[in-house]
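Structure in C-alpha cells, see below.
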Number of protein chains: 2
Amino acid sequence: MARTTGSDGEKTEAAVREAAISLIARLGYEAMSMRQLAAEVGVQAAALYRYFPTKEDLLFTLMREHMEGLIEAWSTARPVAADPVTRLAAYVENHIAFHIERRHATHVSNMELRSLSHERLTQILKMRTAYEKELRMILRDGAEAGRFEIDDTGLTAMALIQMMTGVIVWFRPGERLSVAEVTTTYLSMTMRLVGAKIDAYSGARPFERAKDAVAL
Amino acid sequence: MARTTGSDGEKTEAAVREAAISLIARLGYEAMSMRQLAAEVGVQAAALYRYFPTKEDLLFTLMREHMEGLIEAWSTARPVAADPVTRLAAYVENHIAFHIERRHATHVSNMELRSLSHERLTQILKMRTAYEKELRMILRDGAEAGRFEIDDTGLTAMALIQMMTGVIVWFRPGERLSVAEVTTTYLSMTMRLVGAKIDAYSGARPFERAKDAVAL
DNA sequence: ACATTAATAAAACGAACGTTCAATTAATTC
DNA sequence: GAATTAATTGAACGTTCGTTTTATTAATGT
C-alpha cells in the first residue's frame, strides 16, 4: 500500500507531536521507539521521517516550542511598571497555570535534556535562563525596594522555581484540589517565603493565609 | 582469557554500583548500555551478570539502597520529643545534607522510576511516602500547636520537598556557596514558608534572615 | 600437589533499534 | 484526463542491545 485516503500532512505532523509528548513523558525519550510512536499515530515508522529528519530533531522541536510558549505566555501576562509584589504574583500565577496546562511537555523539557546534542542543549538552556532571569529581577527589585526580605536572590529564585514546577509531579486535574486552589496556596507560600510586606494596604504586616481566590 | 589476577568479587560489585550510579545519573538508565558500564569498571559485560541478574535488578538495587539510606539517616538525625520548629529544622538539615552528599544517587532515584516494574515501583514509592509522611506529621503538629501557619499540610510538604530536593539540580560543591550556607538559607526560607513563630525565644515574631551557621 | 571454587573472558544469540529506499497510491494541478 | 506532487507503505540495512553459554584461569582449601 501507499498513500492512504484522507491523509493530510499537517494533521499527521500535529498528531505526531501530540503522541510524542505523551509517549516521551510516560516512557522517556530513550525508551520510546519510533515504531511505538508511529503505532500511536496510526502510521508506519517510515512516515515519521517525512516530518522529522531524526528522532533527536523531534525531541528538540518539542522542547524548543515548549520554551517558546512559556516565554511568550509570560511576556503576555507580565504586568508593566507594577510593584514587585504584583509582578511576583503574576509570575507565580503564570508559571503554575502554564505548567499544569502542559504537564507532559514540561516533563519532557525537564527530564530529557541529556538526550540533546551539546549545541541544542545550550540553546534550550539559554531560553530557560532568560525566563528565570525575569524572576531574579523581580526578587532583586523587591529586595532593593524593601518589599521583600531575601538572603540570596539567585538561590531564592531557584528554590521558588523548583517548588512551583514540582506541582506537575503530584497534581492531577480533577482530584482533591482545583488549579485555582493550588495557585492560591502557592501564592501564599511564595509571598511568605520572600518575606513580602503588603505595605500599600495595611503596613508592614507579613503575608497571612490567603483564602480568597486568585484570578487566573 | 578468564579470571584476572587480583580479581575480587566484593570489590568488583562495589565498583559496579558506583559506576552505575554515575553513568545512569549522567546518561540515563535506558541510554546506558551494559557494555558501557562494564568498560567503566574495566571488565567484560558478561561479568556484570555475576552480581546482578538483569539490568533492572541493578537499577532497583541502587534505588532501594538509596531510599533505605535516606530513611536510616533520618531515623538517626530525628530529635525525639522536641518541639515542631526543632523537628522541622532537623528534617530540612538532614534532607539537604543527604541529598547533596548523594547527588547522583538521588538523580537516579528521582528520574528513573518509570524503568521499574509495577511491583518494584510500588515498593520504592512506599518507602518514599513513608519518608514524606514524617514531614507531614511535623507540619501538622506545628500547625495544631499554633507554631506554624499552614494552608494545606499535604501541599506544603510537597512544596518543601520539591524545593529542597531541587538543590541537587544546581548545586555544585566547591562553587559559590558552601553546603552550610545553602542549608542556612534553605532553613530560613522553610521557616518563613510555614510561618514559623519562635515563641520560645522572642514571642510571636516571624522568622527573619538567619545569618548564623547551622550545625550539620 | 591436587581438587575445588571464584571470577572472569570470548563468542554468540535473537530481538529491537533508528533509519533508508523503492514502490505505490491519493490528491492536486493544468 | 494526464502529469505532477504529497503521503504513505513494506521491506530491508547495518548496529547495538541485554543476555546466555562455554571455556579458562586465579585463588583457596585440603
Side-chain angles (χ1 to χ4, degrees), chain A residues 1-24 26-63 108 112 114-117 119-120, chain B residues 1-24 26-63 108 112 114-117 119-120:
Chain A
M1 262 180 282
R3 179 168 189 170
T4 55
T5 69
S7 62
D8 177 337
E10 278 191 40
K11 285 180 185 171
T12 302
E13 181 169 349
V16 169
R17 285 166 199 257
E18 196 180 340
I21 289 174
S22 165
L23 273 181
I24 296 176
R26 192 159 73 246
L27 311 173
Y29 169 76
E30 295 282 354
M32 178 201 76
S33 75
M34 295 299 269
R35 286 171 176 85
Q36 243 178 314
L37 174 57
E40 191 82 3
V41 177
V43 99
Q44 290 298 317
L48 302 174
Y49 289 84
R50 187 177 168 76
Y51 306 100
F52 302 97
T54 69
K55 193 184 179 188
E56 196 215 319
D57 277 290
L58 169 58
L59 176 64
F60 176 66
T61 300
L62 298 178
M63 286 187 173
V108 173
E112 309 294 350
R114 58 188 163 204
S115 295
L116 292 178
S117 69
E119 186 188 348
R120 286 172 159 177
Chain B
M1 260 180 283
R3 179 168 189 170
T4 56
T5 68
S7 63
D8 177 337
E10 279 191 40
K11 285 182 185 171
T12 302
E13 181 169 349
V16 170
R17 284 166 200 258
E18 196 180 339
I21 288 174
S22 165
L23 273 181
I24 296 175
R26 192 159 72 248
L27 311 173
Y29 169 76
E30 295 281 354
M32 178 200 74
S33 74
M34 295 300 270
R35 286 171 178 84
Q36 243 177 314
L37 173 58
E40 191 84 3
V41 177
V43 101
Q44 290 297 316
L48 302 175
Y49 288 84
R50 186 176 168 77
Y51 306 100
F52 302 97
T54 69
K55 192 184 178 188
E56 197 215 318
D57 277 290
L58 168 58
L59 176 65
F60 177 65
T61 300
L62 298 178
M63 286 188 174
V108 173
E112 309 295 349
R114 57 188 164 203
S115 294
L116 292 178
S117 69
E119 186 188 346
R120 287 172 158 175

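Chain identifiers are assigned alphabetically (A, B, ...) following the order of the sequence lines, protein sequences preceding nucleic acid strands; residue numbering begins at 1 within each chain.
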Could you list all N or O pairs between the protein and nucleotides 26-30 of chain C that sit under 3.5 Å apart?
from: C:dA26; atom 1: N3; to: A:Arg3; atom 2: NH1; distance (Å): 3.4
from: C:dA27; atom 1: OP1; to: A:Gly6; atom 2: N; distance (Å): 2.9

Note to self: Whole angstroms only, please: what is the OH-P distance between B:Tyr29 and D:dC17?
What the structure shows: 13 Å

Notebook entry, point to check: Counting side-chain heavy atoms from CB outward, which of C:dT8, C:dT20, D:dT21 is closest to A:Tyr49?
Noted result: C:dT20

Item checked: Close approaches to DNA chain D from residues 11-21 of chain A, in residue order (heavy atom, under 4.0 Å) -> A:Thr12

Check: Does atom CD of A:Glu13 have more than 12 heavy-atom neighbours from other groups under 6.0 Å away?
Finding: yes

Note to self: Please check: side-chain N/O of B:Glu112 versus main-chain N/O of B:Tyr29, any donor-acceptor pairing under 3.5 Å?
What the structure shows: yes

Item checked: Rounded distance (nearest 0.5 Å) linking atom CD of A:Glu18 with atom CG of A:Leu62 -> 11.5 Å

Check: Which distance, rounded to the nearest 0.5 Å, do you find between the CZ of A:Arg120 and the CG of A:Asp57?
Finding: 4.0 Å

Next item on the list: Take the protein atom CG of B:Leu48 and the nucleotide atom P of C:dA7, then report the distance between them rounded to whole Å.
Entry: 14 Å

Notebook entry, point to check: Mind checking whether A:Glu30 and B:Leu27 have side chains closer than 4.5 Å, heavy atoms only?
Noted result: no

Checklist line | Spacing of A:Arg26 atom CZ and A:Ile21 atom CD1 [to the nearest 0.5 Å] | finding: 13.0 Å

Checklist line | Between P of C:dT8 and CD of B:Glu10, the distance in whole Å | finding: 12 Å

Notebook entry, point to check: What are the two closest heavy atoms between B:Arg35 and B:Ala45, and how far apart are they?
Noted result: CG-CB, 4.0 Å

Notebook entry, point to check: Atom CZ of A:Phe52 to atom P of C:dT20: distance rounded to whole Å?
Noted result: 15 Å

Note to self: Measuring from the side chain of B:Arg50 (C-beta onward, heavy atoms only), which nucleotide among C:dT8, C:dT19, D:dA7 has the closest atom?
What the structure shows: C:dT8

Item checked: Rounded distance [0.5 Å steps], CD in A:Gln44 versus OG1 in A:Thr4 -> 11.0 Å

Quick one: which protein N/O atoms are closer than 3.5 Å to N/O atoms of nucleotides 12-17 of chain C? Pair and distance per line, please.
from: C:dA12; atom 1: N6; to: B:Arg35; atom 2: NH2; distance (Å): 3.4

Next item on the list: Tell me which nucleotide among D:dG10, D:dA7, C:dT8 gets nearest to the side chain of A:Ala46.
Entry: D:dG10

Notebook entry, point to check: To the nearest Å, how far apart are B:Leu58 CG and D:dT19 C1'?
Noted result: 14 Å

Notebook entry, point to check: Are the side chains of B:Glu56 and B:Leu116 in touch, meaning some heavy atoms are under 4.5 Å apart?
Noted result: yes

Note to self: So B:Tyr51, base contact, sugar-phosphate only, or nothing? Heavy-atom distance under 4.0 Å.
What the structure shows: sugar-phosphate

Margin query: On the nucleotide C:dT8, are OP1 or OP2 found under 4.0 Å from the side-chain N or O atoms that B:Gln44 carries?
Written below: no

Notebook entry, point to check: Is there a side-chain contact between A:Met34 and A:Tyr49 (heavy atoms, below 4.5 Å)?
Noted result: yes

Check: Looking at side-chain heavy atoms only, is the closest gap between B:Leu37 and B:Leu58 below 4.5 Å?
Finding: yes

Item checked: First of B:Pro53 and A:Val43 reached from the 5' end of DNA chain D, by closest nucleotide -> A:Val43

